[in-house]
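Data block below; observations after.
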Amino acid sequence: MDPAFLNQLQRIVGAGGVLHDPLDVLTYECDGLPHLRMSPAAVVLPASAAEVHDVVRLCARARVPFVPRGHGTGLSGGALPVAGGVLIALSRLNRVLEVDIPNQRVTVEPGVTNLEITRQVAPFGYYYAPDPSSQQVCSIGGNVAENSGGAHCLKYGFTTHHVIGVDAVMPDGELVRIDGALTDAPGPDLLGLIVGSEGTLAIVTSITVRILRRPETVQTLLAAFDTIDAGGAAVSEIIGAGIIPAAVEMMDALAIRAAEAAVHPGFPETDTVLIVELDGPAAEVEALFEIVKDICRRCKATSIEVAADEAQRMRIWRGRKAAFAAMGRVSPNYYVQDGVVPRTKLPEVLNRIRDLERRSGLPIGNVFHAGDGNLHPLICYDERIPGQSDKAVEVAAEILSYCIDAGGSLTGEHGIGADKNTYMPQMFSAADLALMQRVRNALDPLGLCNPGKIFPTPRLCGEVPGPYRAHPVEKAGLAERM
Amino acid sequence: MDWGRAPQRVDAILSTRRLNRLLAHAHGDLTATIEAGATLAEVNATLARRGQCLPLDPPFADRATIGGILATNDSGPLRHRFGTPRDLVIGVQLATTDGTLAKAGGQVVKNVAGYDLSKLVCGSFGSLAAIVSATFKLTPLPRASKTIVVEAPDVETLGQIVRDVMSSQLEPIAFDIHVSDVARLLLRFASLPNVVDAQIEQTLALAALKGLGAPKRQGRDGGCATAVTEDDAERAVWEERSRRMWDSPGAIVRASWMPADLPAALKGATRVTELAGRAAVGAGLIRIDGDVRTQAAAVEQLRHSTSFRHVVIVRGSDELKSIVDVWGPLGDRERLFASLKHALDPNGILNAGRGPL
């Protein structure tokens, strides 16, 4: 990178705020999708909105592409650096700016973690609803970029339903305040466009979210089924009965085994477990919970465990939320996808996935948000066996094609990023993508803000798609992945 | 056609009246795809056959079309629970000025693939593209519903009740305030019958409500401070509340405010005749009586007040619109709107001059 440019970056954020030594930037060469890697020319760590503004303005003037990054937990390569570009890491913007309990809103900087918002307001009986499984570590700025969901978004919606307004640095370096539909800001819902734009339209520097009053009661049950069809039928009946649970999660045998090995949640040894959580006024939860239990029994649940207290409830959720990481206990490597199908197509698509599992020889664990049809197939493979890594990528692509066939989506909450952009033409026509591209060009005419994400592009030169491969410095024993 | 500024020029009117079909109702998935010209009332009558609805209730459901509701992002009391159209739309098909049909979003309730243009067109007032059809998430119809109407002696008491309800664990489906010569509060609960009753009892036990008089079931008469209604009487209460402002003379503006600051805001808004809106969201409509100068002064007063956020004229005479801008300041978004308008409608043929872009 041009030393003069580095110098100017250092003048904005201080010498300690710029990393450019290849070993120093190593941490930043991938996010939570480790198989896509790229070394940025420089990493900048601004500590204020003004510094972000100055950095972006400098990049725009010098025509240097830049990529925003929160805490790097994203699963679609949304924070994958761009060759020769600047990675803007927002982890130093981590202040809670305002907690307004009477008006039920909180304003934070993008580097604050999702769970920190709830921690701030919990003493007053409030919480922040979107709850991605990574909520202890993921940043709210990343949540805004990806429009993150979580297990409870079936009832409470996604990030986009909870963001009241943002301050953002636009790709030309202009600092703007954008409030949205929640405050009846007149005009097109710009905020609705920016939330979920995967860091390609703006870098948010402060975020105001609404917080919700804790529900009066929460009840959770864990039901076991002999077949995935029986579990799926129970989900359909619950929704058909006019009940919108706070969460409905399913896990299959392989995922259950992995969770047991990792965090011992005490799940039964069975083909499928269903977690159903209801929350709200005590009388409502009590009455509807009985209906849910009846439905599970009618659908031939082999056991139903009702969480008797908060500890038991947390144990059930620990088993569910640890499921991804737990796959490491049963397989050397795994690759997770995020396709969505209409809820009524779940049994059909899951059976197709089980057929594929038999054909491919790769075990596939299934953990999913059954209430809204969001699948998380965990494809197990061993990178030491030649050909298995590529096979895993092929299997993932085939599963996504099942989702599209069923009228679903490539991604429910992880984002397209650099992981699935080549599949976009399966879901959107050339005209659809051209319209989105026009919107992008309107706000980022130079194409500098997180390029190479969302839109289908040829893979970068020398970049190999597919599962994780050890970086040269790892192979050389200079670094290791923790 | 009352909305917005006067058009610069009108060569053609594109009516969606014949695009009025319900294209799909996936009741098992709680979604429906609807053409832009279908009225909300028609759509909800059909969805009700499967015990579901599109939970939107802007005024004039018998005339309001799906496309129009999206383009204006209009809503009613159900906004308290379900949000505005942008919160319910999951996919859209658009006709753009270069003559192509393009879609965004999809048919599933959870989907983050591509830009969410279905939200972008919400509030666009037809100035970016023509909405052809849209897909929404639906909700099951409740088994039972009741509404409490509370008359507060003054706006301070009203404000106290609002704060009490907001900080309680009550879960109303609608929570409205209506302030004119009387300060009223309406709370609607919808769930299983016994749950509705339990929530009503809890509401009546709120500290701020005590001392306002004993509840009276089924309808209200005169001096009773609180009343509980259900069935036809309940529907009539909400219908009357929805039409009331539009049936009265004067200008009407859409406004938003900080919900906890309402009493102070109202004290400063001396020229306001009537305010009706969502108590916990802090958004609704304000009616301003009087001659056009008074109306203009009232709009300016609201816009200068630190308590109110956005103030947009939704009904006003041409004369009023010539004195004060319909949309008010768009802030930092104005420049971004101009870029988007230029990208999607470079010749400015859609709703030319009417705004907001």
Side-chain angles (χ1 to χ4, degrees), chain A residues 102-104 146-147 149 153 157 161 176-178 181 183-190 192-193 196-197 213-216 236 239-240 242 280-281 283-284 287 340-344 369 372-374 407-413 415-416 424 427-428 431-432 434-436 438-439 441-443 454, chain B residues 26 28-30 51 73 83-84 86-87 96 100-104 106-117 119-124 128 140 163 166-167 169 171 191-192 194-195 198-199 254 256 258-260 283 309-310 312 327 330-333 336-337 339-340 342-344 356-357:
Chain A
N103 287 301
Q104 303 182 342
E146 302 296 327
N147 187 18
C153 58
H161 299 112
V176 295
R177 169 154 296 183
I178 300 174
T183 57
D184 278 348
D189 185 9
L190 259 183
L193 172 69
S197 62
R213 188 76 174 87
R214 278 239 171 263
E216 192 177 28
S236 291
I239 304 289
E284 182 173 282
V340 186
V341 299
R343 179 174 40 236
T344 47
H369 307 301
D372 43 30
N374 190 190
S409 169
L410 294 168
T411 172
E413 56 188 358
I416 295 291
M424 283 289 270
M427 187 169 165
F428 294 105
D432 304 341
L435 181 61
M436 291 180 196
R438 274 158 74 187
V439 168
N441 292 345
L443 300 181
I454 303 180
Chain B
D29 298 316
L30 281 165
N73 201 40
T84 58
R86 61 86 72 185
D87 295 307
T96 54
T100 57
L101 276 178
K103 66 175 190 306
Q107 311 287 318
V108 282
V109 295
K110 194 172 185 186
N111 174 16
V112 295
Y115 290 155
D116 197 347
L117 305 185
K119 287 192 176 58
L120 185 68
V121 294
C122 289
S124 70
L128 292 175
R163 284 192 294 274
M166 282 177 75
S167 61
Q169 287 168 313
E171 295 193 9
S191 180
L192 302 170
N194 63 318
V195 178
Q199 294 260 294
R254 215 191 229 190
S256 55
M258 287 296 235
R309 290 284 278 280
H310 302 286
V312 173
W327 303 102
L330 298 173
D332 295 338
R333 294 173 306 132
L336 305 175
F337 285 164
S339 301
L340 287 168
H342 182 71
L344 297 185
L357 66 165

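Numbered from 1 within each chain, the chains take letters A, B, ... in sequence-line order.
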For the pair B:Asn111 and A:Val340, evaluate side chain to side chain contact (heavy atoms under 4.5 Å, CB included) and give the outcome as yes or no after the intermediate values.
-> CA-CA 7 Å; B:Asn111 174 16; A:Val340 186; 5.5 Å; no

Do the charged groups of B:Lys103 and A:Asp432 touch, with an N to O distance under 4.0 Å?
->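 A salt bridge is present here (some side-chain N lies under 4.0 Å from a carboxylate O).
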
Look only at the side chain of B:Arg333 and the backbone of A:Pro186, and say whether a donor-acceptor pair between them is shorter than 3.5 Å.
->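 Looks like yes, one N/O pair under 3.5 Å.
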
Check each atom of [X] against the heavy atoms of chain A and say whether the ones under 4.5 Å are side chain, backbone, both or neither.
X	result
B:Val121	neither
B:Asp87	both
B:Leu344	both
B:Leu101	backbone
B:Leu336	both
B:Arg309	side chain
B:Ala198	side chain
B:Ser167	both
B:Leu330	side chain

Mind checking the [atom1]-[atom2] spacing from [X] to [Y]? Nearest 0.5 Å is all I need.
X	Y	atom1	atom2	value
B:Asp29	A:Asp372	CG	CG	11.0 Å
B:Lys119	A:Leu190	NZ	CG	13.5 Å
A:Glu216	B:Glu171	CD	CD	8.5 Å
A:Met436	B:Leu120	CE	CG	11.5 Å

What pairs with A:Arg213 under salt bridge (charged side-chain N to carboxylate O under 4.0 Å, His left out), at least two apart in sequence or on another chain?
->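 By the salt bridge (charged side-chain N to carboxylate O under 4.0 Å, His left out) rule, A:Arg213 matches no residue at all.
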
Considering all heavy atoms of both residues, which atom of [X] and which atom of [Y] are nearest to each other, and what is their separation?
X	Y	result
B:Lys110	A:Glu413	NZ-OE1, 2.9 Å
A:Ala287	B:Leu192	CB-CD1, 3.4 Å
A:Arg343	B:Gly28	NH2-O, 3.2 Å
A:Ser197	B:Tyr115	CB-CE2, 3.8 Å
A:Pro342	B:Val108	N-CG1, 3.5 Å
A:Ala181	B:Thr84	CB-OG1, 4.2 Å

Contact winner vs chain B - [options], heavy-atom pairs under 4.5 Å:
options	value
A:Ala431, A:Ala283, A:Ser409	A:Ser409
A:Ile454, A:Ile416, A:Thr183	A:Thr183
A:Gly196, A:Pro281, A:Gly408	A:Pro281
A:Gly192, A:Gly407, A:Gly240, A:Cys153	A:Gly192
A:Ala434, A:Gly242, A:Gly412, A:Ala442	A:Gly412

Do the non-hydrogen side-chain atoms of B:Met258 and A:Pro102 ever get within less than 4.5 Å of each other?
->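 Not touching, per the 4.5 Å side-chain cut-off.
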
In terms of heavy-atom proximity below 4.5 Å to chain B, should [X] be classed as side chain, backbone, both, or neither?
X	answer
A:Asp184	both
A:Glu146	backbone
A:Ile178	both
A:Met427	both
A:Ser236	neither

Heavy-atom pairs under 4.5 Å with chain A, option from [options] with the top count:
options	result
B:Cys122, B:Pro140, B:Ser256, B:Ala113	B:Ala113
B:Asp116, B:Leu128, B:Leu117, B:Val312	B:Leu117
B:Gly331, B:Ala283, B:Gly106, B:Ala343	B:Ala343
B:Pro356, B:Pro259, B:Ala26	B:Pro259

For side chain to side chain contact (heavy atoms under 4.5 Å, CB included), just list the numbers for B:Thr100 and A:Leu435, CA-CA rounded to whole Å, side-chain angles, deciding distance to a tenth of an Å, and then say yes or no.
-> CA-CA 9 Å; B:Thr100 57; A:Leu435 181 61; over 6 Å; no

